[in-house]
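Accompanying notes for the structure given below.
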Number of protein chains: 2
Amino acid sequence: MRDGNENDPTDLPRYISAHEVAERAGVSRSAVSRTFTHGASVSPATREKVLRAAEELGYQVNDLARGLLANRSQLVGMIASDPETPFRALQISTLSRLLIENGRVPVLITTDRSETGQASHETLLRYRAQATIVLSGMPSKAFIDLAQRNGQPLIAVGRSEEGPDHVRVNNALAAQTVVQIFAARGMARIGLVTSAVGSPNLVERERAYVDAARNAGLEVVVERAERTDYEGGTLAASLLLSPQRRIEGVFCVNDLMALGVMDYARNMLGLAIPADLSVIGFDDIPQASWGAYRLTTFQQSAERQAREILRILDRRLSDPHAPPIISELDVPLIMRDTVRSPKPGKGKGEQTFTTARTTEGTEK
Amino acid sequence: MRDGNENDPTDLPRYISAHEVAERAGVSRSAVSRTFTHGASVSPATREKVLRAAEELGYQVNDLARGLLANRSQLVGMIASDPETPFRALQISTLSRLLIENGRVPVLITTDRSETGQASHETLLRYRAQATIVLSGMPSKAFIDLAQRNGQPLIAVGRSEEGPDHVRVNNALAAQTVVQIFAARGMARIGLVTSAVGSPNLVERERAYVDAARNAGLEVVVERAERTDYEGGTLAASLLLSPQRRIEGVFCVNDLMALGVMDYARNMLGLAIPADLSVIGFDDIPQASWGAYRLTTFQQSAERQAREILRILDRRLSDPHAPPIISELDVPLIMRDTVRSPKPGKGKGEQTFTTARTTEGTEK
DNA sequence: GTGAAAGCGCTAACAC
DNA sequence: GTGTTAGCGCTTTCAC
């Protein structure tokens, strides 16, 4: 058996090539290729032989070679800062799962908030990734150009500017809803807790909130922490909630900050929520529903967002010249226990108010 | 200018090849290759010409072709279930960052807890990934064999069995430390909250805890939820903390469950922590330090873990035949506010007890 | 230091 | 339906 000997003393394991499978199966190299190529035609007999040989040898198609030929791999890049943060982690998790279910291979590129992400993006170009999804931050112009120039689709999440395809959220409507609720509760002085990050989502929420508050004749105070995280929330709370200010309701641009605000208000200032202070967040991260918080917040569905991203990706791949595809998602308000009731007998339990209409997509 | 015309009416952007760069720079194809190959020798003059041409054309080396030649890509797979969970998200985030810093490309493969992960792993083989890191779950035998057979290194986290390289944690020592602390506080009836998942880490923690408790003459009750998450914690608490049982201290196999236990104990049973009930967790997720919890817990450093993984990876790549590499990490106990004091004047603030020695690695 | 030529593993176009 | 052939973009001998 000098041919298919399994006990080769050069014991370094290595990948098997289609050539070896062909030899073992007694067919041509292309027959092997065809059995593993979707939609190619092989007779059941050959196919069977090939499959057996492949199985025995432990053959795995080389997708590097396939990609080289197609000038495109199945890789899809996800660019994100703070990937360990609850909502971002959920986005990444959900998107990865969906990509895998669709035969794609998710690559996770982490960036600093400060970075342009340029260097990271080049990796995705060099591997001929099918597309790049920017989950956070604002891709720089150079970044967008580079993708454009090489014909790699780029899909952004949570931006509003013109340019690449993106999926967004109706921040303004959410912010207006908050003001409406606070006003209906008879509040006169309300606050906004945000960060200095300045991402489009946060800026939109802030602007719409402040505008709506002014229009409603409410006094509004904006507190800005350095980062959009739990510690930022506690810090903002320490500045915003001085007794003389007598803030009655706070809208936080994300849940993480809201939870920091709540903990600070309760533990450091001895405030009762919602009796002394109402708090509303954004995202509906898992922690928002925990017993210690029961935060009223706007629900951003990572699942729907991921589905939209995939839909955009498919459309974009099938028509590279289509105009920018933009998808807007609902953010229903989840009523929990951090907003004081307007009158007795209301607002307990978990109610869902849909506050924004669906602009795109109705599947499932 | 029929040669380098930039306004090609066939407006589909595409990737540039080294051939085109060579033409524009007026050098040979290999000269281009050499400028982009680390350690190859090119004259400064040629190099300069090539770099300019590449820049102008927006050239990106095709790593698919490179990998085809090398029979190995820079991809590194991370296999994980529940990637949205706080500690797992931190592991993924940290590991991704380190991999990128080291020129690797992290691929995130999500699996169901139930899945063998076999199908996902094949993707990594087909792309000739440099290695697979299993962050959770137990890779099946078939899975391990497949990697082995194709010569792809596989590194596991949190297992104890023989077989692949792995980084582990001294679960037994941590569990024993908990019992020691509870005993020193004069407790007689203690509990363990875990899940039915049965991962090696959890099993080790449980066994060591129960054994230590029995040896110390403490009565110990084990409560097992279906999953190792927040809801599992609340459920376990509801079963474990019946008034007649009078449990005084609970060790939870991870922080997520511990937080669920705390919320249930406080909100549903009206217990004060730590006056009525002491709680100790494991992992030190960000939420553990939040004001609402201030959980005493064992700190698992994602950063050190990731560094160890990279160290193992490098060693393994440089010597494929080395015996299994095993690395054990410390889990210092972070004393916060969920364990009652043995006597007045102790246990406030945040103290760090190092409970396990370092077995491997001292860099940085 | 440079260019020519071979070949990595694969798919697709082409004959039969 | 099958085998033969060419070629994807790259690195790496090999001459010079």
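Bear in mind the structure is a predicted one, so any value in this text is a computation, not a measurement. Letters go in sequence order (proteins before strands), and every chain restarts at 1.
- Helix-axis bend for the helix from C:dG1-D:dC16 to C:dC16-D:dG1: the local axis fitted to the five terminal pairs at one end deviates from that at the other end by 40°, rounded to 10°.
- Of all nucleotides in DNA chain C having an atom under 4.0 Å from a heavy atom of chain A, the first and last in 5' to 3' order are C:dG9 to C:dA13.
- The stretch residues 142-154 of chain B participates, sequence neighbours left out, in these side chain to side chain donor-acceptor pair (under 3.5 Å) pairs: B:His121-B:Gln152, B:Thr132-B:Gln152, B:Lys141-B:Asp145.
- Residues in residues 28-44 of chain B take part in no salt bridge (Lys or Arg N to Asp or Glu O under 4.0 Å) pair, two or more places apart or across chains.
- Residues satisfying the side chain to side chain donor-acceptor pair (under 3.5 Å) test with A:Asp82, not counting sequence neighbours, are A:Arg113, A:Arg227.
- Residues satisfying the salt bridge (Lys or Arg N to Asp or Glu O under 4.0 Å) criterion with B:Arg72, sequence neighbours excluded, are absent altogether.
- Every residue meeting the salt bridge (Lys or Arg N to Asp or Glu O under 4.0 Å) condition with B:Glu101, not counting sequence neighbours, appears here in chain and number order: B:Arg97.
- Checked by atom type and distance alone, the side chain of B:His38 never pairs as donor or acceptor with a backbone atom of B:Phe36 at under 3.5 Å.
- With sequence neighbours left out, the side chain to side chain contact (heavy atoms under 4.5 Å, CB included) criterion links B:Pro106 to B:Met78, B:Ser96, B:Leu99, B:Ile100.
- With sequence neighbours left out, A:Thr35 forms a side chain to side chain donor-acceptor pair (under 3.5 Å) with no residue at all.
- Scored by the ring pair (Phe, Tyr, Trp, His ring centres under 6.0 Å) test, A:Tyr15 finds no partners at all (sequence neighbours excluded).
- Between the C1' atom of D:dT11 and the NE2 atom of B:His38 lies a distance of 15 Å, rounded to the nearest Å.
- For B:Arg316, the salt bridge (Lys or Arg N to Asp or Glu O under 4.0 Å) partners at least two apart in sequence or on another chain are B:Asp165.
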Taking protein heavy atoms under 4.0 Å as touching, what does nucleotides 1-10 of chain D look like 5' to 3' if B marks base contact, S marks sugar-phosphate-only contact and - marks none?
-> SBBB--BBBB
